[in-house]
Amino acid sequence: MKNADILVLDFGSQYTQLIARRLREQGVYAELMPFNASIQAIKAKNPKGIVLSGGPASVYAKDAYFCDDEIFNLGLPILGICYGMQLLAHKNGAVVAPAGHKEYGKANLNIVKECDLLKGIPAQSVVWMSHSDKVNELPSGFEVLANSENSEFCVFGNEAKKMYALQFHPEVAHSEFGDAMLKNFAKICGCESTWNMGSFAKKEIAAIKEKVGKDKVLCAVSGGVDSSVVAALLAHAVPENLIVVFVDNGLLRTNEAKQVEEIFRLKLGINLISIDASELFLGRLAGVSDPEKKRKIIGETFIEVFDAEAKKHKNVKYLAQGTLYTDIIESSVAGASKTIKSHHNVGGLPEWMKFELIEPLREIFKDEVRKLGLELGLSRDVVFRHPFPGPGLAIRIMGEVNKPSLELLRKADVILRDELKSSGWYDKTWQAFCVLLNVNSVGVMGDNRTYENAVCIRVVDASDGMTASFSRLPYDLLENCSRRIINEVDGINRVVYDISSKPPATIEWE
Ligand code: XMP
C-alpha cells in the first residue's frame, strides 16, 4: 500500500477534497479517507499528520460522525477544521453547542499568541467561515491562538501535542493566508515539499508493479484522458502483463471507436482489443428510462464483457480503471457525502465481480490527471480531450435509449463539436455536448407544421468537474449551431441552451 504524508479524514464537507489538493499543490502528498476508516487502515498509510475535515453534522447530534478515538493517541500532529475543530474539542472534553447565530462568509482573524501554525501570518487577516456550531470552552491543555469578532476561540491549539483547530476553512481561496497555514501544518508534521506529478507517477508505477507481480491486468479504455493515463501507467509498470480492452457499447459518438483505436495503436503504441458489444448493451437498456437503472445496467454489462474477455487469457486477476476522486465522491463511497449519481465505474459495479481493482487515479482530480498525462508523454490532443462519461450517450438521452434516438443525438453532437472546433471554442471549454430531450414541440418549416424533438446544447467551464458554470458562448456561434442542427438533422426542430451551473445542476443531465 502507498504511504500518504498527510491523511485527511472526510466528514462530508464539500471542501474536503480542496484540503488534500492545497497540500498537494505545496508538494505534500495528501490523501482522503472516510471519517470512519479503521485505525489499522489509517496506520497502514504511515501518515505524518492527520487533518479532520469540516462536515454538515453536529458533534452533539444523535447520528454524529465520529472517527476512531485511537487517532488522538498516535502521537501525530492533528489539525481540526470547522467540524473537525468541534470534534477535536469534544473528544478532548470541551463543550460544543449551537452558535447564537450561524456564521457564513468573511471574518477578520486576530492572532493573539505566536505559534508554529500561524508563523509568518500577519496579526490581522481575512478568513472564510461556514459554521453553525461553536466551541464554548477550551479543552484542557489547549490555548487560544487567534480570535475573530464572533469567535473567541477561532484558532486554538496544544503546541506540545501538536494539535490545532481552526473554526474557518483555510482551504478556500477567500481565506487570505489559508495556504500558508496548511503549509505550516505540513512543516509541523515534518513533511518535505518533494511531491510532484513526476514522483506520483514513479510511486504509482512501482506500486502497480509490486501489486500485479506475475498476474495479468485487464485495462478498460474509453479514449478519454483518465483511462488513457491509466493505460500509459500500466504500460510503464507491467507491459508484458497488460491487456487493453475497448468496448463499443453502442452508446458512443460518431467515429468514436475508430478514433480510440487510432489513439492507442498509433499514438500510444498499445495493442488494443476492440469488442463490439453494442447489441448486448442496447438490448439490456430497452424500455429503461430511470437514470440510476441505466447507469447500473451499463456498469454491470461492462463488467460482464470484461469478465468474458478475461476468460480468454490466463491469470487475469486485476481490472484497471480510470476512476477519479470526483467519481468516488459523487457515488458516495467516500466519507459522509450523499449519492449524487452512481458513476459507472464506481457505484455501478456488481457484487459478483471477481476482479481486484487497480485505480491509480482515485485520489486525484481531472486537472491533476492531465498534468500526469503530460508527464507520461501523452500528446496534448489526448490529454485535453473533453471528458466523455462511461455510460456514454445513454445519459444524454432523456428516457428510453434506442437506435433512432442515438442516431438523432449523434448527428446533432457532431455538428456542435464541429462548430466549437472551427471557432476555437473547443479548447476554451471543459465539455460540450448535446442532450436529446425527448420532448416534442411545434415548429414551422417552409409552409408546413412540424412536431419534432428538441435538443439541448450543454457547454460548461470547469477546472475539476466538481463545480461548473455554463460557457458564455457568443450568440453568433450558438445561432450557427442551432441553425445547422435544425436544418441538417431530420427530426429536430428546436435547440435550447442550458444555462445552469453545477451546483445546483450537474454537468450531465442524468
Ligand atoms: P456530473 O454530471 O456529475 O459530471 O456533474 C461530472 C463529470 O463526470 C463525468 N461523468 C462521468 N464519467 N462515468 C464517467 O466516467 C460516469 O458514470 C460519469 N457520470 C458523469 C461528466 O461527463 C463530467 O465530466
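All residue numbers in this chain count up from 1 along the given sequence. Because the structure is predicted, anything quoted here is derived from the model rather than measured. Both ligands and their constituent atoms are indexed starting at 1 by order of listing.
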Measuring from the heavy atoms of H386, does anything fall under 4.0 Å of ligand 1? no
Contact with ligand 1 for W430, non-hydrogen, under 4.0 angstrom: yes
Does this structure show an ion pair linking K267 with E262, if we count only N-O contacts that are shorter than 4.0 Å? no
In short, salt bridge (charged side-chain N to carboxylate O under 4.0 Å, His left out) pairs touching residues 219-233 with sequence neighbours left out are D226-K366
Give a yes-or-no answer on whether the side chains of T429 and D461 include a donor-acceptor pair shorter than 3.5 Å. no
Please determine if G465 has a nitrogen or oxygen closer than 3.5 Å to a nitrogen or oxygen of ligand 1. no
[X] neighbourhood, listing ligand 1 atoms whose heavy-atom distance to it stays under 4.0 Å:
X	result
P391	13 (N), 16 (C), 17 (O)
T506	1 (P), 2 (O), 5 (O)
G390	13 (N), 14 (C), 15 (O)
K502	1 (P), 3 (O), 5 (O), 6 (C)
R295	16 (C), 17 (O), 18 (C), 19 (N), 20 (C)

Taking the six-membered ring for Trp and the full ring for Phe, Tyr or His, determine whether the centres of W509 and F433 are under 6.0 Å apart. no
Are F35 and F11 close enough that their ring centers fall under 6.0 Å? yes
Residues that F281 engages under ring-ring contact (aromatic ring centres under 6.0 Å, His included), provided they are two or more places apart: F302
Atom 5 (O) of ligand 1: which of I507, D226, V460 has the nearest heavy atom? I507
Counting heavy atoms only, which part of P387 comes closer than 4.0 Å to ligand 1: side chain, backbone, both or neither? side chain
Are K216 and Y318 close enough that some pair of their side-chain heavy atoms sits under 4.5 Å apart? no
